[in-house]
Amino acid sequence: MAIGFDLGANAPTGVFVLHAAVAAFFLYLGAANAAAGESLGLALNGLIGAMLVAAGVVVARITERRS
């Protein structure tokens with residue numbers, strides 16, 4: 001399936017890295033919220049980051065099976 005760009009020879013790793021990069025951004029936002037004393041922002045952004053990493057693992061496994 002053509003998606004508009006090529007992830008290279010190791011597509012599952014590329015998919016996971018993409019999810020991990022976005023998750024790192026949300027974890028950074030969570031750290032910034034923690035520094036400002038906002039515990040709800042820390043919890044929500046940390047949860048989003050963790051779910052993105054978990055989704056990245058699942059999608060990478062699906063991509064590996066399909067290729």
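None of the values given here were measured: they were computed from a predicted structure.
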J.: For residues 37-55, which side-chain donor-acceptor pairs fall under 3.5 Å, sequence neighbours excluded?
T.:
from, atom 1, to, atom 2, distance (Å)
Asn45, ND2, Gly41, O, 3.1

J.: Only counting residues at least two apart or in another chain, list the ones meeting side chain to side chain contact (heavy atoms under 4.5 Å, CB included) with Val58.
T.: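 Per chain and number, Val58 pairs via side chain to side chain contact (heavy atoms under 4.5 Å, CB included) with Ile62.
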J.: Please output the side-chain donor-acceptor pairs of residues 19-31 that fall under 3.5 Å, not counting sequence neighbours, one pair per line with the distance.
T.:
from, atom 1, to, atom 2, distance (Å)
His19, ND1, Val15, O, 3.0

J.: Looking only at heavy atoms, what is the nearest atom pair of Gly56 and Phe16, with distance?
T.: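 Of all heavy-atom pairs spanning Gly56 and Phe16, the closest is C-CD1, 3.8 Å.
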